[in-house]
S.K.: 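Just passing along the structure, written as structure tokens.
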Amino acid sequence: MKSVQPSVGDRGLRISGPTPLPPRVREAASRQMISHRSEGFRQVLREVSERLRPIFGAVHPVLPFTASGTGGMEAAVVNTIEPGQRVLVLNIGHFGARFAALSRRFGAEVHEMVRPWGEAAEADEVEAELRRSRFDAVLVTHNETSTGVLNPLPELCRAIRRQSDALVIIDAISSAAAVPLRLEDWGADIAVGVTQKALMSPPGLALLAVGDRALARAKACGTPRFYLDLNEMAEAVASGTTTFTPAISVVFALAEALEMIEEEGLQDVYRRHRELAARCRTGLLELGFELVATPDRESPTVTAVRAPAGMSAADLRRRLEREHGVFMATGRGPWKDSVLRIGHMGYVDGEAIEATLRAIAGELDA
Ligand SMILES: Cc1ncc(COP(=O)(O)O)c(C=O)c1O
């Protein structure tokens with residue numbers, strides 16, 4: 001098949017997921033099928049769900065649902081929140097709004113703390129809100145992909161735990177495996193990740209790290225669910241399988257990606273993400289773009305910038321794709337034509353960032 005990314009090969013995918021696959025991972029994903037009830041599969045699944053634990057800071061094996069990230073968010077909500085329960089959503093962008101909409105759809109009484117796009121949720125405000133009112137759960141996006149903002153999650157979790165015994169549910173979809181996550185140490189209850197972002201694997205699995213409080217809440221929770229039942233999945237994973245047919249190829253791919261992450265070292269993976277993000281920001285500032293994220297809250301996995309005055313971000317995105325084979329995203333909603341978003345998570349190195357910056361510079365000069 002002819003490559004659709006001629007200039008920078010298979011490294012030109014600079015959207016915020018799916019991300020490029022390392023050759024080793026592609027090879028693993030193309031393995032022959034095996035039975036998901038076989039001993040061979042049980043071994044791989046057990047290993048994968050164990051080896052994901054440090055990435056989430058979880059005590060229990062991580063649960064793989066065959067779903068996209070939103071399916072994982074839904075699993076977290078339907079297993080722990082009942083109609084009429086009070087949910088606080090820290091909404092700092094598009095994906096925070098999705099968490100609120102999803103919870104509302106299942107009948108929760110949702111209160112949103114909304115921050116202007118580009119800003120993070122701040123611990124003192126959350127603590128003050130929790131002092132004023134009681135909530136059954138707090139939903140928070142770790143890394144808001146729509147704005148390139150990283151929430152100060154350790155501080156937020158500390159503030160929540162000081163004031164409340166609400167369940168803390170984290171959307172870690174664009175942070176897991178790129179940014180430290182300590183579910184248990186931070187007193188949080190569920191974190192949702194995916195395979196197709198910093199985990200360098202194809203889309204297909206939503207990964208749920210679940211603590212004891214959440215499992216207990218799930219046992220008592222009366223909200224109907226079938227496919228997404230957490231306790232049933234936890235039991236299945238404990239015996240080395242999944243409740244229903246899993247995305248087997250993605251499990252194979254993920255096993256290989258975890259091997260690569262372990263070879264590099266998780267702390268070094270985090271450092272690489274921080275350094276590449278910093279280089280991306282500097283390069284874009286030098287080219288005349290303006291950062292969307294407030295200082296000290298910039299994301300290590302996705303950079304969102306405002307295009308220089310008079311320039312259409314949507315037009316620039318199209319030209320980068322056509323002329324350079326570099327694929328990135330524009331802003332969401334009202335930011336569609338003014339903001340450019342560059343993903344730098346997973347299988348990405350300095351040369352990939354330099355190639356991206358060169359492509360952008362080339363189009364600015366054109
Ligand atoms: C922070 C965040 N939450 C949720 C999602 C939704 O994930 P999916 O598209 O896999 O359902 C995304 C996807 O980009 C995301 O970045």
Side-chain angles (χ1 to χ4, degrees), residues 13-21 55-56 62-78 89-103 105 112 114-115 117-121 138-153 156 168-179 181 188 190-209 227-228 246-247 250 253-254 273 277 292-293 297-304 327-333 335-336 339-346 348:
L13 192 59
R14 293 270 68 86
I15 60 171
S16 52
T19 61
L21 304 180
I55 287 172
F56 289 90
V62 172
L63 308 179
F65 284 90
T66 292
S68 81
T70 309
M73 293 161 76
E74 183 160 328
V77 167
V78 295
V89 178
L90 311 186
N91 173 352
I92 66 162
H94 177 81
F95 291 106
R98 182 175 298 180
F99 236 166
L102 199 159
S103 310
R105 186 77 63 89
E112 292 180 64
V114 182
R115 300 286 303 202
W117 282 25
E119 292 183 16
V138 180
L139 275 45
V140 52
T141 319
H142 191 186
N143 185 78
E144 180 50 67
T145 318
S146 64
T147 57
V149 170
L150 183 73
N151 262 324
L153 198 53
L156 292 172
V168 177
I169 302 178
I170 301 163
D171 167 352
I173 286 169
S174 60
S175 61
V179 184
L181 191 52
I190 301 183
V192 182
V194 287
T195 41
Q196 77 268 22
K197 296 193 191 271
L199 281 164
M200 310 185 284
S201 299
L205 297 175
L207 304 165
L208 266 78
Y227 183 75
L228 296 176
V250 185
L254 181 57
H273 280 88
V292 163
R297 297 292 181 241
E298 303 97 341
S299 161
T301 59
V302 49
T303 296
F327 292 71
M328 48 185 76
T330 53
R332 285 194 169 260
W335 285 3
K336 188 86 202 140
V339 166
L340 205 59
R341 290 183 302 137
I342 297 146
H344 32 76
M345 63 185 113
V348 55

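Atoms within a ligand are numbered from 1 in the order they appear, just like the ligands themselves.
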S.K.: I'd like to check the salt bridge (charged side-chain N to carboxylate O under 4.0 Å, His left out) partners of Glu298; sequence neighbours left out, ordered by chain and number.
M.R.: none
S.K.: Can you sort out the partners of Arg115 under salt bridge (charged side-chain N to carboxylate O under 4.0 Å, His left out), two or more places apart, ordered by chain and number?
M.R.: Glu119, Glu125
S.K.: Could you pull out every protein residue that has a heavy atom closer than 4.0 Å to ligand 1, ordered by chain and then number?
M.R.: Ser68, Gly69, Thr70, Met73, Phe95, Arg98, Thr141, Asn143, Thr145, Asp171, Ile173, Ser174, Gln196, Lys197
S.K.: Could you go through the side chain to side chain donor-acceptor pair (under 3.5 Å) check for His94 and Ser146 one step at a time?
M.R.: CA-CA 6 Å; His94 177 81; Ser146 64; 5.9 Å; no
S.K.: Is there a donor-acceptor pair under 3.5 Å between the side chain of Arg297 and the backbone N or O of Leu150?
M.R.: no
S.K.: Check Asn143, Thr141, Thr301 against Ser174 for a side-chain hydrogen bond (donor to acceptor under 3.5 Å, both in side chains) and give me the one that passes.
M.R.: Asn143
S.K.: Which residues satisfy the side chain to side chain donor-acceptor pair (under 3.5 Å) test with Thr330, sequence neighbours excluded?
M.R.: Lys336
